[in-house]
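What follows is a single structure, written as structure tokens, with notes after it.
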Protein chains: 2
Amino acid sequence: MTKRLAPATPTTLDETDRALLAALAADARQPVSELARRVGLSAPSTAERVRRLEAQGVIERFTVQIDPRALGFTLQAIVRVKPLPGQLHLVEDVIRRIPEFVECDKVTGDDCFICRLYLHSIEQLDEILSKVTERAETSTAIVKSTPVARRLPPLG
Amino acid sequence: MTKRLAPATPTTLDETDRALLAALAADARQPVSELARRVGLSAPSTAERVRRLEAQGVIERFTVQIDPRALGFTLQAIVRVKPLPGQLHLVEDVIRRIPEFVECDKVTGDDCFICRLYLHSIEQLDEILSKVTERAETSTAIVKSTPVARRLPPLG
DNA sequence: GGTGAAATTATTTGGGT
DNA sequence: ACCCAAATAATTTCACC
């Protein structure tokens with residue numbers, strides 16, 4: 001069941017919208033009154049902007065960022081996956097079904113998929129990859145640090 | 001006023017906490033009363049749990065997920081970066097300073113960094129990478145689709 | 001887009017299981 | 001640790017300008 005229903009409307013965002021998005025990205029729970037103060041509008045106008053951004057699909061959802069370590073995931077790996085001939089769709093399905101793959105992109109080039117894997121321990125790596133290696137060649141890199149954690153792109 | 005001081009306390013999360021996190025990840029704006037109903041607790045207890053999860057650093061922050069296409073980023077690339085001898089720290093700084101790099105991990109193996117790049121157009125690729133290629137070899141893959149968009153790992 | 005009152009919602013408190 | 005219920009306080013929503 002894939003979501004992504006809003007077709008990413010080609011919208012024109014003004015400076016106020018961008019300021020709103022930046023403020024919400026930093027703290028999505030701040031009161032509308034404070035958001036309003038930050039962007040220099042009244043609270044109702046601000047609330048309506050936020051609703052519009054949601055309806056347009058600019059804001060995909062309100063969510064929480066969770067520390068994976070708190071869930072016991074002490075390791076992360078980036079895995080490049082190159083399916084064997086004829087195994088492309090199957091490999092994609094396998095990856096989708098393994099919840100420890102928290103992210104996967106299909107890309108151009110020799111490696112078909114680039115995925116992010118959360119692990120409780122290094123032993124789990126083989127355990128999980130074994131479900132993939134029957135159908136693909138993999139190349140794994142262990143994350144040592146994260147110089148840039150998921151951040152907003154420039155809004156300007 | 002920055003927050004994010006909690007060092008990812010090694011905490012024990014019970015089933016209720018996990019259910020809360022899942023519900024909040026899906027919709028961080030639902031009223032405490034509804035959260036409470038979902039996890040089978042009273043509203044005050046639920047509110048306190050959420051506060052505790054925040055204080056512990058399990059919840060890093062409340063945020064919004066923004067559709068990059070709405071910001072005009074119609075293209076994504078995964079870039080592997082292998083700094084030239086002696087350029088490692090400088091390359092890391094350069095990447096950090098280019099806001100279109102929305103994510104970057106330092107990993108084991110031949111390629112030192114694996115990064116995600118948001119682009120307005122394919123022309124922007126060279127424009128941005130030129131700031132890196134003076135100091136590193138790069139290998140770029142364009143994202144064609146995203147079989148798994150950022151999701152929660154298993155909470156069990 | 002602004003204003004101000006009504007309706008929801010969250011928070012706090014006290015007492016109890 | 002949690003529940004309940006009530007009081008307080010805050011926020012969002014809904015008229016209308």
B:Q124 side-chain N/O to B:H120 backbone N/O, donor-acceptor pair under 3.5 Å: yes
Could you tell me how far apart [X] ([atom1]) and [N] ([atom2]) are, to the nearest whole angstrom?
X: B:L41; N: D:dA1; atom1: CG; atom2: C1'; answer: 10 Å
X: A:L20; N: C:dG1; atom1: CG; atom2: C1'; answer: 14 Å
X: A:D14; N: C:dG1; atom1: CG; atom2: P; answer: 7 Å
X: B:R37; N: C:dA10; atom1: CZ; atom2: P; answer: 13 Å
X: B:R49; N: D:dC2; atom1: CZ; atom2: P; answer: 4 Å
X: B:D27; N: C:dT9; atom1: CG; atom2: P; answer: 13 Å
X: A:E34; N: D:dT11; atom1: CD; atom2: P; answer: 9 Å

Under 3.5 Å, N/O pairs linking protein and nucleotides 12-17 of chain D:
{"from": "D:dT12", "atom 1": "OP1", "to": "A:V32", "atom 2": "N", "distance (Å)": "3.2"}
{"from": "D:dT12", "atom 1": "OP2", "to": "A:V32", "atom 2": "N", "distance (Å)": "2.9"}
{"from": "D:dT13", "atom 1": "OP2", "to": "A:R51", "atom 2": "NH1", "distance (Å)": "3.1"}

In short, B:C104 meets B:C115 closest at the heavy-atom pair SG-SG, 3.2 Å
In short, A:A23 meets A:R38 closest at the heavy-atom pair CB-CD, 4.0 Å
Side-chain N or O of B:S42 versus OP1/OP2 of D:dC4: is the shortest distance under 4.0 Å? no
Look up atom CG in B:L117 and atom CD1 in B:I95, then write down how far apart they are to the nearest 0.5 Å. 10.0 Å
To the nearest 10 degrees, how far apart in direction are the end axes of the helix from C:dG1-D:dC17 to C:dT17-D:dA1, each fit to five base pairs? 30°
B:K144 and A:D105: salt bridge (charged side-chain N to carboxylate O under 4.0 Å, His left out), yes or no, with the steps? CA-CA 7 Å; B:K144 292 186 289 186; A:D105 293 287; over 6 Å; no
For A:T108, which of B:V143, B:I78, B:T140, B:I142 qualifies under side chain to side chain contact (heavy atoms under 4.5 Å, CB included)? B:I142
Would you check, one step at a time, whether the test salt bridge (charged side-chain N to carboxylate O under 4.0 Å, His left out) holds for A:K131 with A:E100? CA-CA 12 Å; A:K131 298 172 192 162; A:E100 282 84 1; 5.8 Å; no
Test log, rule salt bridge (charged side-chain N to carboxylate O under 4.0 Å, His left out), inputs B:R61 and A:D27: CA-CA 7 Å; B:R61 58 181 179 147; A:D27 178 7; over 6 Å; no
Residue pair B:R135, B:E92: steps toward the salt bridge (charged side-chain N to carboxylate O under 4.0 Å, His left out) verdict: CA-CA 10 Å; B:R135 300 191 153 78; B:E92 186 172 328; over 6 Å; no
